[in-house]
Amino acid sequence: MRILTFDLEEWFHILDVDASRDINNWHSFEKRVEYNTEVLREVLNQYNIKATFFCLGWVAEKYPELIKKLHKDGHDIGSHGYYHQLVYKQSKEEFYDDLTKSLDVLENIIGNKVTMYRAPGFSINSESLWAFDTLMECGIKVDCSLRPSILAKEFEGFDPNNFNGIYYLNHKGQKLDLLYVNSLRFLNKELFLSGGGYFRLLPTEIFKRWTNNSQYFMTYFHPRDFDPDQRTLPGLSAMRRFKSYYGLASSLDKLKKVLGQFEFTSISNVLERQEIIEQKELTLKGSEELFTTLARAQA
C-alpha cells in the first residue's frame with residue numbers, strides 16, 4: 001500500500017520562521033506554487049498516477065483554476081487549513097474558523113464536499129486532540145495529521161510494525177480514518193523519511209529500499225521540494241537552511257525514478273479497495289469521557 005500525498009503550499013510557508021510568520025507580509029513574496037504544481041501535474045500524468053493534494057485555502061483562493069485542474073485530473077482535494085497555522089497553537093474557535101474557511105473555498109471551487117484533512121506540521125498532538133471533534137463536526141472523514149509517536153502514546157491498539165492497513169477512530173457515532181506518515185526512531189527522535197527534506201537528502205536507493213520493505217507507505221511532499229530556483233528564506237538557521245534547500249536540483253528526477261519503479265496512488269483509491277484493506281479500530285487511552293473532557297478543556 002503506497003500512498004502519494006502533497007501539501008499544496010507556497011515555498012515560504014515554512015513553519016516557525018520569523019520572515020514568513022506574519023500573514024500580512026505574504027503578499028511581498030514571489031509566488032511559485034502554481035508553476036511548481038503544474039510541473040508535478042505533468043509528472044503525475046506522465047506516469048498515470050493519482051495523488052492526494054492537501055491544499056492550503058489561502059493558495060486555493062488565489063489559484064482556483066489550479067485546484068480545478070487537479071480535481072479534473074482525478075486527484076483527491078483535501079484541506080491543509082487556510083493560513084498554515086499549527087493546531088496546538090490555536091484555540092478551538094481559531095481552529096474551527098481556519099478549517100471552515102478552507103473548506104468553503106475548496107468546496108466552492110471543486111463543487112464537491114471535502115472530507116480529508118492534514119494539519120500543518122502534523123500539529124495535532126496530545127494537547128490538541130480536541131481537534132477531532134471539530135474535524136468530525138465539519139464532515140472530515142480522513143485525517144492525516146498524527147505522528148506515529150502520538151498515535152502510539154494516545155491510542156490503544158496502534159502498532160504499525162504488526163499491521164498492514166488503516167486505523168480508524170469511532171467517536172460520537174462517527175468514523176474517522178487515521179492515516180499516518182512513516183517515521184523512524186533515531187537517537188530518541190522521530191524522523192519522517194517518507195518525504196520532504198529527507199527524500200532530498202537520502203540517496204535514491206535507500207529511499208527505494210525503505211519503500212519496497214514497507215507494507216504501508218505514505219509520502220508528504222510539497223511543490224517547493226522540487227523547485228531549485230526558489231529563493232532562500234531569510235533568517236533560517238544553518239541546519240534549517242540545509243534541510244529546506246539541499247538536493248533541490250535533483251529531486252524531480254529522483255521522484256520520477258521512484259514513481260517509475262513503484263505503484264503509488266491516492267488515499268481515496270486505497271479506501272475504495274475495501275477487499276484488500278484491513279481496518280483496525282483505535283481507542284483513546286482512558287475513555288470516551290476523557291476525549292470529551294479534552295475537547296471541553298480547550299473550548
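Remember, it's a predicted structure, so these values are computed and weren't measured experimentally.
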Quick check: are there more than 12 heavy atoms from other residues, nucleotides or ligands sitting under 6.0 Å from [atom1] of [X]?
{"X": "K113", "atom1": "NZ", "answer": "yes"}
{"X": "K243", "atom1": "NZ", "answer": "no"}
{"X": "K153", "atom1": "NZ", "answer": "no"}
{"X": "F262", "atom1": "CZ", "answer": "yes"}

Distance from [X] atom [atom1] to [Y] atom [atom2], nearest 0.5 Å?
{"X": "I206", "Y": "T211", "atom1": "CD1", "atom2": "OG1", "result": "11.5 Å"}
{"X": "R273", "Y": "S268", "atom1": "CZ", "atom2": "OG", "result": "9.5 Å"}
{"X": "S145", "Y": "L178", "atom1": "OG", "atom2": "CG", "result": "9.0 Å"}
{"X": "E154", "Y": "F158", "atom1": "CD", "atom2": "CZ", "result": "12.5 Å"}
{"X": "D76", "Y": "T52", "atom1": "CG", "atom2": "OG1", "result": "3.5 Å"}
{"X": "L179", "Y": "D143", "atom1": "CG", "atom2": "CG", "result": "9.0 Å"}

Return yes if a side-chain donor-acceptor contact under 3.5 Å exists between [X] and [Y], otherwise no.
{"X": "N112", "Y": "H71", "answer": "yes"}
{"X": "D177", "Y": "Q279", "answer": "yes"}
{"X": "S102", "Y": "S79", "answer": "yes"}

**Request:** Classify the angle between the aromatic ring planes of F12 and F29 as parallel (below 30°), tilted (30 to 60°) or perpendicular (above 60°).
**Result:** parallel
**Request:** Determine the interplanar angle of the Y246 and F242 rings, folded into 0 to 90°, and report it as parallel if under 30°, tilted if 30 to 60°, perpendicular if over 60°.
**Result:** tilted
**Request:** Take Y83 and K101 through the side-chain hydrogen bond (donor to acceptor under 3.5 Å, both in side chains) test and state the conclusion after the steps.
**Result:** CA-CA 9 Å; Y83 281 124; K101 188 173 184 178; 3.3 Å; yes
For the residue pair [X] and [Y], what are the closest heavy atoms and their distance?
{"X": "A119", "Y": "I124", "result": "CB-CG1, 4.2 Å"}
{"X": "A152", "Y": "K285", "result": "O-NZ, 3.0 Å"}
{"X": "Y82", "Y": "L56", "result": "O-CG, 3.4 Å"}
{"X": "L86", "Y": "P120", "result": "CD2-O, 3.7 Å"}

Do the side chains of [X] and [Y] get close enough for a salt bridge, i.e. N-O under 4.0 angstrom?
{"X": "E30", "Y": "R231", "answer": "yes"}
{"X": "D16", "Y": "R21", "answer": "yes"}
{"X": "E9", "Y": "R224", "answer": "yes"}
{"X": "E34", "Y": "R32", "answer": "no"}
{"X": "R2", "Y": "E263", "answer": "no"}
{"X": "D73", "Y": "K68", "answer": "no"}
{"X": "K89", "Y": "E94", "answer": "no"}

**Request:** Given side-chain hydrogen bond (donor to acceptor under 3.5 Å, both in side chains), test Q85 with D98 step by step and report yes or no.
**Result:** CA-CA 9 Å; Q85 301 299 298; D98 185 80; over 6 Å; no
Does [X] belong to the same Ile/Leu/Val/Met/Phe/Trp/Tyr cluster as [Y], with side-chain heavy atoms less than 4.5 Å apart forming each link?
{"X": "Y35", "Y": "Y245", "answer": "yes"}
{"X": "Y96", "Y": "L106", "answer": "no"}
{"X": "Y168", "Y": "L271", "answer": "no"}
{"X": "F217", "Y": "V270", "answer": "yes"}

**Request:** Could you give me the CA-CA distance, side-chain angles and deciding distance for Y198 and F207, then say whether ring pair (Phe, Tyr, Trp, His ring centres under 6.0 Å) is met?
**Result:** CA-CA 9 Å; Y198 287 107; F207 188 86; over 10 Å; no
Hey, do the aromatic rings of [X] and [Y] have their centres closer than 6.0 Å?
{"X": "H13", "Y": "W26", "result": "yes"}
{"X": "Y167", "Y": "F155", "result": "no"}
{"X": "Y216", "Y": "Y180", "result": "yes"}

**Prompt:** Checking ring pair (Phe, Tyr, Trp, His ring centres under 6.0 Å) for the pair F221/F199: CA distance, chi angles, key distance, verdict?
**Reply:** CA-CA 9 Å; F221 298 122; F199 173 76; 4.8 Å; yes
**Asked** Within 45 degrees of the axis of the six-membered ring of W58 and under 6.0 Å from its centre: does K62 put its NZ or CZ there?
**Response** yes
**Request:** Given ring pair (Phe, Tyr, Trp, His ring centres under 6.0 Å), test Y220 with F54 step by step and report yes or no.
**Result:** CA-CA 10 Å; Y220 68 104; F54 293 101; over 10 Å; no
**Request:** Give the intermediate values and the outcome of side-chain hydrogen bond (donor to acceptor under 3.5 Å, both in side chains) for residues S28 and N25.
**Result:** CA-CA 6 Å; S28 63; N25 291 336; 5.5 Å; no
